[in-house]
2 protein chains.
Amino acid sequence: MSQSTIIDIAQVARLSGVPASTLRYYEEKGLIQSTGRQGLRRLFSSKVLERLAIISLGQQAGFSLNEISTIFTPKGTHIDKNKLLAKAHELDRKIQKLTAIRNGLQHAAECPAPSHLECPSFNKLLRAASMDKLKKNKSVINK
Amino acid sequence: MSQSTIIDIAQVARLSGVPASTLRYYEEKGLIQSTGRQGLRRLFSSKVLERLAIISLGQQAGFSLNEISTIFTPKGTHIDKNKLLAKAHELDRKIQKLTAIRNGLQHAAECPAPSHLECPSFNKLLRAASMDKLKKNKSVINK
DNA sequence: GCTTGACCTCAAGTTAACTTTAAGTTGTAT
DNA sequence: ATACAACTTAAAGTTAACTTGAGGTCAAGC
């Protein structure tokens, strides 16, 4: 299971669910690497499958391909554990935020107030969530 | 506080942090509506600010503008509570997924195994996460 | 009454992450 | 030996969510 075999792009595509065109695109971006060529044709180590799974995980977590690429050591086959831990923390903060939003939405949907937009707790969430957009003008708010 | 006043696009932009160009774009897409014009110039009810806050919330939750627009009643100023509740549930499932991913990443980053990719629990996550991509070919896997 | 600044429209440009297309090459089965 | 399916490259196209630019309008201050 931990043995790595050599496979072609079609097999990588079939085994990972990632289209061949995307695999070429990923290679171009440096996210994965082929181990060599047979004529024109790319050859991959089956290890690339784990890498692809991690990329998919990162995407599902909402990270861009560029962000994901930072967790891989330059040119390397390996993973930078510190970077990965940082991403885990980042994700953790995101989960906190999403949880607050979910609570707010749930509340808004269930709150029987005629205009739930007047509900103080919902408004608190709205304020908190839009704070970052207004950060440029410190307290111009009460001007 | 629950009084609605009439404001122009520059004020909406300043108060919400959303650029005027984006406000026009949102209006074109039907996400917000101006109450009228003064000559060429759009006039908005200050109620639009709450709407914009909700849009921002939805985006932060990862919903597309099209998805977000479904929670507003057609042409309406109001919110479809059932749709909103559905979105809250959707978000809830997303949070569950992200939590699993975070745990996996954290584990991978901390696991002292030489190749953490061999760690069974991490692999379990990878499998689970990539399942959907492979769903098209039922059990062609063992062909 | 004329300039100016803030608004307007419509079209085109931007970025990420791919997909599609066109034209060319090649390993493999016949 | 030859056909052909599956690979290759390079470039162009796609979608979402905006932003930018060019050229036009208009209320208000000098």
Side-chain angles (χ1 to χ4, degrees), chain A residues 6-45 48 51-72 87 130 132-133 136, chain B residues 6-45 48 51-72 87 129-130 132-133 136-137 140 143:
Chain A
I6 298 300
I7 55 185
D8 71 18
I9 202 171
Q11 296 188 75
V12 178
R14 189 170 52 76
L15 293 171
S16 67
V18 178
S21 63
T22 303
L23 294 171
R24 292 190 202 100
Y25 172 69
Y26 283 179
E27 190 185 22
E28 218 176 45
K29 287 215 90 184
L31 281 153
I32 60 174
Q33 27 268 136
S34 53
T35 56
R37 296 285 179 120
Q38 191 168 60
L40 278 185
R41 305 179 176 192
R42 287 169 181 79
L43 295 177
F44 291 91
S45 158
V48 81
R51 187 109 167 192
L52 287 169
I54 291 177
I55 292 169
S56 165
L57 225 51
Q59 284 191 302
Q60 288 177 60
F63 297 115
S64 69
L65 294 182
N66 280 343
E67 283 179 297
I68 293 169
S69 70
T70 68
I71 71 165
F72 299 125
K87 285 295 169 208
S130 54
D132 47 335
K133 271 199 213 144
K136 38 194 83 167
Chain B
I6 298 299
I7 54 183
D8 71 16
I9 201 171
Q11 298 189 73
V12 178
R14 190 171 50 78
L15 293 170
S16 66
V18 178
S21 63
T22 303
L23 294 171
R24 293 189 202 100
Y25 172 70
Y26 282 179
E27 190 185 22
E28 219 176 45
K29 287 214 90 183
L31 280 153
I32 60 174
Q33 27 269 137
S34 53
T35 57
R37 296 285 178 118
Q38 189 168 61
L40 279 183
R41 303 178 179 193
R42 288 169 181 79
L43 295 176
F44 292 92
S45 158
V48 81
R51 187 108 167 193
L52 288 169
I54 291 177
I55 292 170
S56 166
L57 225 50
Q59 284 191 301
Q60 289 177 62
F63 296 116
S64 70
L65 293 182
N66 281 342
E67 284 178 298
I68 292 168
S69 70
T70 69
I71 72 165
F72 299 125
K87 286 296 169 208
S130 55
D132 47 337
K133 272 199 213 143
K136 41 193 81 168
N137 34 349
V140 182
K143 192 202 119 212

Asker: Atom CG of A/Leu23 and atom C1' of C/dT20: how far apart are they, to the nearest Å?
Answerer: 16 Å
Asker: For residues 55-65 of chain A, pull every pair meeting salt bridge (Lys or Arg N to Asp or Glu O under 4.0 Å), keeping only residues two or more places apart or in separate chains.
Answerer: none
Asker: Nearest 0.5 Å please: distance from the CD1 atom of A/Ile54 over to the CD1 atom of A/Ile32.
Answerer: 13.0 Å
Asker: Treat primed atoms plus P, OP1 and OP2 as sugar-phosphate and everything else as base, then score nucleotides 11-17 of chain C 5' to 3': B for base contact with protein heavy atoms under 4.0 Å, S for sugar-phosphate contact only, - for none.
Answerer: ------B
Asker: Residues two or more places apart in sequence or in another chain: which of them pass salt bridge (charged side-chain N to carboxylate O under 4.0 Å, His left out) with A/Arg42?
Answerer: A/Glu27
Asker: Reading nucleotides 5-11 of chain D 5' to 3', which nucleotides get B (base under 4.0 Å from a protein heavy atom), which S (sugar-phosphate only), which -?
Answerer: -BSBB--
Asker: Using five pairs at either end of the helix from C/dG1-D/dC30 to C/dT30-D/dA1, determine the angle between the two local helix axes and round it to 10 degrees.
Answerer: 20°
Asker: Looking at residues at least two apart in the chain, or sitting in another chain, which of them share a side chain to side chain contact (heavy atoms under 4.5 Å, CB included) with A/Ala61?
Answerer: A/Phe63, A/Leu91, B/Leu98, B/Ile101
Asker: Which residues pass the side chain to side chain contact (heavy atoms under 4.5 Å, CB included) test with A/Ala10, not counting sequence neighbours?
Answerer: A/Asp8
Asker: Atom CG in B/Leu43, atom CD in B/Gln11: separation rounded to 0.5 Å?
Answerer: 10.0 Å
Asker: Quick check on C/dC18: is either OP1 or OP2 less than 4.0 Å from any side-chain nitrogen or oxygen of A/Ser21?
Answerer: no
Asker: Which part of the nucleic acid does A/Thr22 contact within heavy-atom distance under 4.0 Å: base, sugar-phosphate only, or nothing?
Answerer: sugar-phosphate
Asker: Which atom pair, heavy atoms only, marks the closest approach of A/Gln59 to A/Leu65?
Answerer: NE2-CD2, 3.5 Å
Asker: Does A/Leu40 have any side chain to side chain contact (heavy atoms under 4.5 Å, CB included) partners at least two apart in sequence or in another chain, and if so, which?
Answerer: none
Asker: Can you tell me how far apart OG (B/Ser16) and CZ (B/Arg51) are? Round to the nearest 0.5 Å.
Answerer: 14.0 Å
Asker: May I ask you to say what B/Gly39 touches in the nucleic acid, namely base, sugar-phosphate or nothing, with a heavy-atom cut-off under 4.0 Å?
Answerer: nothing
Asker: Side chain to side chain contact (heavy atoms under 4.5 Å, CB included) with B/Ser69: which residues, sequence neighbours excluded?
Answerer: B/Leu31
